[in-house]
Each structure stands twice: as structure tokens, then as C-alpha cells.
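First the structure, in the form of C-alpha cells, and then the observations on it.
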Amino acid sequence: MFDSVLQYQAQMWESIGETFIMVGISVGAALLLGLPLGTLLFFCRKGQLYENKTLSLVLNSIVNIIRSFPFLLLVVALIPVTRFLVGTAIGTMAATVPLSIVAIAYYSRLVEQSLLEVPKGVIEAALSMGASKLGLIFKFLYVEARSGLVLGLTTSTISFISYSTVMGVVGGGGVGDFAIRYGYQRFETEVMIYAIIVMIVLVQLVQFTGGTISRLLDKR
């Protein structure tokens, strides 16, 4: 078993690096675009500060469609968009496009749910103190919801790791693609088990880190 594993050690490290690239860019997209989108979803809801039924309907429809779309079919459907954005539909960078789109939609919904858990009294107190729109968001809402936001990002990251395992269909590489090419297709069962163990360890590390940070930030 160890001989087979050592034989593909270089390829495994390369696959881990590809997984980190795909997941890292997806997490970045979730933070840069999913966080503000989730905040906008929250504010546009009925009964919230900036209620807007039309905008809420449009945004919710887009998010729901992306989240309910079978991921593999989404990857194929987005090939023209991927080719337009990165110049190719094959490779690790191409794989980050559908992953990032899913990441934005997925995390935005978790952000909305986290902000809904913030007591309305916090918003009222912030407004009574003359807080600006940005001040309300960054100094009150995000501070109160920080634990839930971290847990949501942790859950999202684990989902992105899972999604990354199927990116071999567009030549995206990653640990999942390694398991299929060097383990399953070559009948090297021990290599496939090794890849699965690596994925489990990655997920456990993410869960432990996210859970620890969340507990430290939770002052309730």
C-alpha cells in the first residue's frame, strides 16, 4: 500500500494545491460578493429597513435558482461564461468560475439567515445613535452576527471542498480528480482510500478552525 501511495506522492501534492486554489478563490468570492449580497437580501426583506419587494424577488429568485441547480450541469452550462472570463473552459482557473458563482449564492443565503438572528433592537439602537448605513452594517450588524457569519463560511467552505472533487470534468484537477485518475481508473484502491483520507482531514481541519473561531467570537 505504502509503495503505491509514495509512487504518486508528487501528483497528490499537486492535486492538494489545485484544491486549495479552487476553494481559496471560491471563499474569496463568497466574502467579497456573497457577504454584501446576503446583506442586501436581508435589508430588502419585508419589514426590514430598506424593504423592496421587487429587488427582493429578483435577488431571491437568482440565488434560489443557482443553489437548486445540479452542480455538474451548472459547470457545463457555464462553459461559455467560463471561456469568456478566463479564456479557456479547461483547467484549475476555469474550474473556479462555477465554484465561485455557487459560493456567492450559497454564502449569501447563510449571511441573510445570520443577520435575521440579530435582534431588531440592535438596529433601532444604532439608528437612534445616528449610525450611517455603513456604520449600521459594519459596527452593529456584522459585530452581532460575527459568530454565525464565521460558522456559515465554515459550512460553505466544506461544501466548496466537496464541489471541487467533481471539477475533473473540466480538467480542474484537485484531490477528487486524483482519486479517480490514479485510484479508481488504475484499480489502485489504496491510492483512492489515501485521497479520501486526505479530503476527510482537510474537512476536519476546516471544521475545527471555523468552530473554534466562532466560539471565540461568540460573546453571548
Side-chain angles (χ1 to χ4, degrees), residues 22-71 73-75 77-78 81 96-164 203 206-207 209-220:
M22 288 187 286
V23 175
I25 292 177
S26 300
V27 171
L31 286 172
L32 291 175
L33 298 175
L35 181 60
L37 176 57
T39 306
L40 185 59
L41 284 168
F42 167 75
F43 277 122
C44 289
R45 286 177 64 96
K46 182 178 180 180
Q48 295 300 332
L49 189 59
Y50 305 110
E51 179 182 339
N52 188 317
K53 293 182 180 180
T54 302
L55 183 58
S56 179
L57 177 61
V58 171
L59 293 178
N60 274 289
S61 298
I62 294 173
V63 169
N64 289 336
I65 289 173
I66 294 175
R67 292 181 68 227
S68 61
F69 214 101
F71 182 66
L73 295 181
L74 181 65
V75 172
L78 287 175
V81 177
T96 63
V97 174
L99 272 173
S100 296
I101 291 175
V102 170
I104 293 168
Y106 191 92
Y107 188 54
S108 66
R109 186 63 74 195
L110 295 179
V111 169
E112 180 190 19
Q113 293 173 359
S114 295
L115 296 180
L116 284 170
E117 294 177 1
V118 176
K120 285 192 174 183
V122 172
I123 298 177
E124 295 171 356
L127 295 176
S128 67
M129 289 187 287
S132 63
K133 294 180 180 178
L134 290 179
L136 170 63
I137 294 172
F138 287 98
K139 295 181 179 179
F140 292 90
L141 279 178
Y142 287 170
V143 171
E144 288 292 321
R146 60 189 183 275
S147 178
L149 292 175
V150 171
L151 278 180
L153 185 62
T154 302
T155 302
S156 299
T157 303
I158 292 173
S159 296
F160 307 156
I161 293 175
S162 176
Y163 289 144
S164 73
V203 168
V206 170
Q207 184 64 64
T209 303
T212 301
I213 295 174
S214 177
R215 285 193 298 272
L216 291 174
L217 292 175
D218 192 354
K219 301 300 182 182
R220 292 175 293 179

### Task
Locate the shortest heavy-atom distance separating L110 from G152; write the atom from each residue and the value.
CD1-O, 3.3 Å
### Result of checking L116, L115, N52 against R45 for side-chain contact (heavy atoms from CB on, under 4.5 Å)
L116
### Query
Are I123 and F140 close enough that some pair of their side-chain heavy atoms sits under 4.5 Å apart?
no
### Message
If I take atom CG from residue L136 and atom CG from residue L127, how far apart are they, to the nearest 0.5 angstrom?
### Response
5.5 Å
### Query
Can you tell me how far the CG atom of L59 sits from the CG atom of L40, to the nearest 0.5 Å?
5.5 Å
### Interatomic spacing from CZ in R146 to OG in S114 - rounded to 0.5 Å
12.5 Å
### Query
Is there side-chain contact between Q48 and K120, with at least one heavy-atom pair below 4.5 Å?
yes
#### Entry: Full working for side-chain contact (heavy atoms from CB on, under 4.5 Å) between V63 and L37
CA-CA 10 Å; V63 169; L37 176 57; 4.1 Å; yes
### Query
Backbone N or O of S214 within a donor-acceptor pair of the S147 side chain at under 3.5 Å?
yes
### Task
Not counting sequence neighbours, list each pair that qualifies as a ring-ring contact (aromatic ring centres under 6.0 Å, His included) and has a residue in residues 43-64.
F43-Y50
## Note on the structure
Value for OH (Y107) from CZ (R67), rounded to nearest 0.5 Å, stands at 13.5 Å
## Note on the structure
In short, M22 meets T96 closest at the heavy-atom pair CA-CG2, 3.9 Å
### Query
Rounded to the nearest 0.5 Å, how far does OG of S132 lie from NZ of K139?
7.0 Å
## Note on the structure
Shortest non-hydrogen pair, I25 vs S100, comes out as CG2-OG, 3.7 Å
### Task
Start with the C-alpha gap between L141 and F42, add the side-chain angles, then the distance that decides, and say whether side-chain contact (heavy atoms from CB on, under 4.5 Å) holds.
CA-CA 11 Å; L141 279 178; F42 167 75; 3.9 Å; yes
### Atom pair CD1 (I161) and OG (S156), whose distance is rounded to the nearest 0.5 Å
11.0 Å
### Message
Students often mix this up, so state it plainly: with edges at 30° and 60°, are the rings of Y106 and F160 parallel, tilted or perpendicular?
### Response
perpendicular
### Query
Are any of the side-chain heavy atoms of L149 and L35 separated by less than 4.5 Å?
yes
### Message
Hydrogens and angles aside, do R109 and N60 bring a side-chain donor and acceptor to less than 3.5 Å of each other?
### Response
yes
### Task
Grab the two heavy atoms, one from F71 and one from Y163, that are nearest each other, plus how far apart they are.
CE2-O, 3.5 Å
### Task
Please lay out, stage by stage, how I101 and L78 fare under the test side-chain contact (heavy atoms from CB on, under 4.5 Å).
CA-CA 10 Å; I101 291 175; L78 287 175; 3.6 Å; yes
### Task
May I ask you to decide if T155's main-chain N or O and S159's side chain share a donor-acceptor pair within less than 3.5 Å?
yes
### Message
With no hydrogens and no angle check, just 3.5 Å: does a side-chain donor-acceptor pair link S68 and N64?
### Response
no
### Task
Using atom types as modelled and distance alone, determine if a side-chain donor or acceptor of S108 lies under 3.5 Å from a backbone N or O of A105.
yes
### Message
Side chains of Y142 and T39: any donor to acceptor distance under 3.5 Å?
### Response
yes
### Message
Main chain of A125, side chain of S128: is a donor-acceptor contact present, judged purely on distance under 3.5 Å?
### Response
yes
